[in-house]
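Just so you know, residue 1 is the first one in the sequence shown, and it goes up from there.
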Amino acid sequence: MKKAAWSFLALFAGFQTSAQTVSSVTDPVEWVNPLMGTDSKVSLSNGNTYPAVATPWGMNFWMPQTNTMGNGWAYQYGADKIRGFKQTHQPSPWINDYGQFSIMPVTGKLRFHQDARASWYSHKAEVAKPYYYSVYLADADVTTEITPTERAAQFRFTYPASDSSFVVVDAFDRGSHIKILPQEKKIIGYTTRNSGGVPKNFKNYFVIYFDKPFTIAHTWNGDKLEKGVLELTDGHVGAIVGFKTAKGEKVGLRVASSFISFEQAELNLKRELGNDAFDVTKQKAKASWNKELSRLSPEGGTVDQVRTFYSCLYRALLFPRKFYEYDAQNRVVHYSPFNGEVLPGYMFTDNGFWDTFRSQFPFLTLMYPEMNSHIMEGLVNTYKESGWLPEWASPGHRDCMIGSNSASLIADSYLKGIRGYDINTLYEALLKNSENEGPLTSVGRKGVKFYNELGYVPYDVNINENAARTLEYAYDDFTIYKLAIALKRPQEEIERFRKRSQFYRNLFDPETKLMRGKNKDGKFQAPFNPFKWGDAFTEGNSWHYTWSVFHDIQGLADLMGGRESFAEMLDSVFNMPPVYDESYYGGVIHEIREMQIANMGQYAHGNQPIQHMIYLYNYAGQPWKAQYWVRQVMDRLYHSGPDGYCGDEDNGQTSAWYVFSAMGFYPVCPGTDQYVFGAPLFPKMTVTMENGKKLVIEAPGNSAANVYAQSISLNGKNYGKNWISHADLQKGGVLKVVMGAQPEKTRGTKEEAFPYSYSTEKK
């Protein structure tokens, strides 16, 4: 039975198996599971994702909605019913959604309320792909299919024989408009529902065309059906249209939306759907994914490794969202979520840089530099329109998280050679950030005057997460320092940021060898519990944040007493029990629980601050430990199922960690040109750079047991460093990592092999 099943699977997915391994991938999008991470709840995140039916970086996503209107956990794998199919722009359940409306088929009775129209469904009758979603709605006896473009989509409903078949359009509450145009077989409307970060004139305008005439057309307002009324504007309105259907009859809908106007929504629909049949749009959407996903092609991994890899790559290519459109003259324009005007140029949104500066944006910088350039143009526009760089935008500024990590994105892009945007305006914005608090705590720098004058943000001045802010500001100042040198800025300015990049030292406690909050008078905060989450730190404790000295790991190691002591501190993270102090939060937050149950001591991969830490063994002369623990995390904390993540996926960050780690290296310090080695996950991977060059990563001997790098060569020459440069990756070639079952403890142990540290550079 097993053998027959595997043969069928091999035939279906287009690969050949050997001991259940995948020799090659010809259709990568078919390996993606959009349901990875969807089995989540408030108390425990296994990803906190939803199945986004979309194109890469699309302006609109679509999703099945299992939860009630306004609930951030809009799709939960364990739910029994679907309430509608929602156009969504949600980056995470914690940030929630904006510009959403939903479409739902019903039969039998005129049911439009979200609970009355809900239908039982089963994952056994559900197909979820990035480019296509299908599900059988049991109560309605209707199969729903969806396929997307960037700003439009097609629906196909397969109905039973019924003289009472309907489609419900829900424009959601908090202010909406609906209009039915029966002669045109069309419904238009707008929704204003949002979760913050929008101007007063914010609307998402939508247009829906049907391929079947209506025999019934009503609007509804709240819980009240407005029979025969074709247009309504109120708090919560919608439409319900009906027709007679034969058994198996398919009814098609063509949908598009715009943040600019109804006319622009029509233009988006005409441009992106044209006269295409449903299956043509589906094939185009599939091709758009395969174009991007095929840039990385693994060979020789297990079935689940390949599925997990492509599912993570899919997540890494969803955000940031394109928040721009093309006008009638095909010019790039956008509705500004900052000042409410329609303006020329690019705009991107739905991203928290505190999460994504670490690996998701470096991944785009490496693999998609043209997209990165457009994103930088969008940052210029954000600054011009709001006066600030974004740090958490959805769609405008949101008061969430800390740091001014836009500096990392900008410096990393420019220093890695990406051009085509106004770097001088971006640098001006960075200078403003470095001296000012913003109108929200998430933009500018909260506590900046203390930081600039004292060299740290004090613990006792009513600024929360003060130690975390200090550490992130210091790293951000390092990236500005490097950018200032490249831009030939005045020496005084360069020196200012160079000096500030070392402010991390002011919080190092030599007694505990950890980072610790410090009071305004220069004394360390007491009593000190390094297992206390929050308080001086952000969604973590001192054991997690101590390593946030991305730019000067050697300096941190020196403070800890040298290389051996540093390595022992790294070991301690895994050797300690997963104890915690949750008193700052007044309860156990999901990030704490995810660390506790992972059985990796204090290592909390489910949140971002510690995700680079494993790679720091390369700075201690013990790279084999990085190789071991990276594989442990990939094997134990990720898989392709609904509970496949170990915490919030967070806009591609936790996924990009996996993608980089599978390649065998990781960007510990964006703003430098180095990627620090782990070891490849697959026996072979071919990476096609945007310039057309191919990097072939060979790892002969790679297996579940052989996780250690025995030797590394680049284009046939022995390579002794613990890192590889951006320039070398861009050139392509062959990176060969011979793998074995035992640690190779002679390679990468000397200082000349170590990755960049500011202190080493200064020596």
Side-chain angles (χ1 to χ4, degrees), residues 57 292 295-296 316-317 320 345-346 348 351 353 356-381 383 389 405-431 475-489 493-494 497-498 501 550-551 652 656 659-660 663-677 687-697 714-715 719 721 723-733 735 755-758 761:
W57 307 291
E292 310 302 349
R295 297 275 302 279
L296 291 92
L317 299 178
Y346 289 101
F348 291 81
N351 218 268
F353 297 163
T356 54
F357 84 82
R358 305 163 195 270
S359 67
Q360 200 267 344
F361 272 96
F363 179 69
L364 297 181
T365 304
L366 175 66
M367 296 302 303
Y368 302 93
E370 184 179 4
M371 178 62 65
N372 180 282
S373 177
H374 294 329
I375 292 167
M376 293 299 123
E377 288 186 76
L379 294 184
V380 172
N381 290 329
Y383 176 62
L389 287 167
N405 297 309
S406 52
S408 175
L409 273 64
I410 293 164
D412 196 48
S413 174
Y414 191 82
L415 294 170
K416 286 175 178 167
I418 297 175
R419 298 294 185 268
Y421 51 91
D422 183 356
I423 187 61
N424 292 315
T425 293
L426 290 178
Y427 188 81
E428 173 193 307
L430 295 178
L431 289 179
Y475 161 67
D476 293 327
D477 282 338
F478 166 79
T479 67
I480 299 172
Y481 156 65
K482 284 294 189 182
L483 182 58
I485 293 172
L487 294 177
K488 298 182 170 55
R489 299 292 298 184
E493 199 170 278
I494 294 171
F497 291 108
R498 183 201 66 77
S501 77
F550 313 93
H551 57 295
V659 172
F660 265 124
M663 287 193 277
F665 45 80
Y666 186 82
V668 167
C669 184
T672 69
D673 71 339
Q674 296 181 359
Y675 303 83
V676 179
F677 281 131
V687 180
T688 305
M689 300 296 170
E690 197 167 86
N691 60 15
K693 300 289 179 64
K694 291 188 183 297
L695 173 72
V696 180
I697 303 166
L714 181 62
N715 296 325
Y719 194 85
K721 299 171 185 172
W723 56 274
I724 189 167
S725 74
H726 183 80
D728 279 340
L729 294 179
Q730 290 284 311
K731 289 175 189 171
L735 179 67
Y756 172 89
S757 284
Y758 167 88
E761 177 187 68

Does the side chain of Val668 reach to within under 4.5 Å of the side chain of Pro755, using non-hydrogen atoms? no
Could you tell me which non-hydrogen atom of Lys416 sits nearest to which non-hydrogen atom of Asp673, and how far apart they are? CE-CA, 4.3 Å
Rounded to the nearest 0.5 angstrom, the OG1-CG distance for Thr479 and Asn405 is 8.5 Å
Could you check whether Phe361 and Phe353 have their ring centres less than 6.0 Å apart? yes
Got a donor-acceptor contact below 3.5 angstrom from the Asp477 side chain to the Ser501 backbone? no
Has the side chain of Arg295 got a donor or acceptor atom that lies under 3.5 Å from a matching backbone atom of Met367? yes
Give the minimum heavy-atom separation between Ile410 and Tyr421, together with the two atoms involved. O-OH, 4.4 Å
Could you check whether any side-chain heavy atom of Leu389 comes within less than 4.5 Å of a side-chain heavy atom of Leu426, counting everything from C-beta outward? yes
When rounded to the nearest 0.5 angstrom, what distance separates CG in Asp476 from CG in Leu430? 9.0 Å
With side-chain hydrogen bond (donor to acceptor under 3.5 Å, both in side chains) as the test, would you mind laying out the steps for Asn372 and Thr365 before giving the verdict? CA-CA 6 Å; Asn372 180 282; Thr365 304; 3.1 Å; yes
Is there a side-chain contact between Phe665 and Leu729 (heavy atoms, below 4.5 Å)? yes
Has Gln360 got a side-chain atom pairing as donor or acceptor with Ala316's backbone, closer than 3.5 angstrom? yes
Mind checking whether Cys669 and Phe478 have side chains closer than 4.5 Å, heavy atoms only? yes
Indicate the atoms forming the closest heavy-atom contact of Tyr475 with Ser408, along with that distance. OH-OG, 2.8 Å
Look only at the side chain of Asp412 and the backbone of Pro670, and say whether a donor-acceptor pair between them is shorter than 3.5 Å. no
Quick one: are Leu409 and Met376 in side-chain contact, heavy atoms under 4.5 Å? yes
Can you tell me if Tyr414 uses its side chain to pair, donor with acceptor, with the backbone of Ala486 under 3.5 Å? no
Could you walk me through whether Glu377 and Phe348 satisfy the side-chain contact (heavy atoms from CB on, under 4.5 Å) test, starting with their C-alpha distance in whole Å, then the side-chain angles of each, then the deciding distance to 0.1 Å, before giving a yes or no? CA-CA 9 Å; Glu377 288 186 76; Phe348 291 81; over 6 Å; no
Verify whether the ring centers belonging to Tyr666 and Trp723 lie closer than 6.0 Å. no
Quick one: closest heavy-atom pair of Leu296 and Met663, and the distance? CD2-SD, 3.7 Å
Search all heavy atoms of Tyr719 against all heavy atoms of Ile724 and return the closest pair with its distance. OH-CA, 3.5 Å
Atom pairs and distances, side-chain donor-acceptor, residues 687-697, under 3.5 Å, sequence neighbours left out:
residue, atom, partner, partner atom, Å
Thr688, OG1, Lys694, NZ, 3.0
Glu690, OE1, Glu370, N, 3.0
Asn691, OD1, Lys693, N, 2.8
Asn691, ND2, Gln730, O, 3.0

Would you say the ring centroid of Phe550 lies under 6.0 angstrom from that of Phe357? yes
Verify the distance criterion only: is there a donor paired with an acceptor across the side chains of Thr425 and Tyr383 at less than 3.5 Å? no
According to side-chain contact (heavy atoms from CB on, under 4.5 Å), who are the partners of Leu431, at least two apart in sequence or on a separate chain? Tyr427, Arg489, Glu493, Arg496, Phe497
How far does OG of Ser413 sit from CD1 of Ile418, to the nearest 0.5 angstrom? 4.0 Å
Which pair of non-hydrogen atoms, one from Tyr675 and one from Pro362, has the smallest distance, and what is that distance? OH-O, 4.5 Å
Please round to the nearest 0.5 Å and tell me the distance separating atom CZ of Arg498 and atom CD1 of Ile480. 15.0 Å
Taking the side chain as everything from C-beta on, heavy atoms only, tell me whether Lys482 gets closer than 4.5 Å to Tyr758. no
Nearest-0.5 Å distance, OG of residue Ser725 to CG of residue Leu714: 8.5 Å
Do the two ring centres, one from His374 and one from Tyr346, sit under 6.0 Å apart? yes
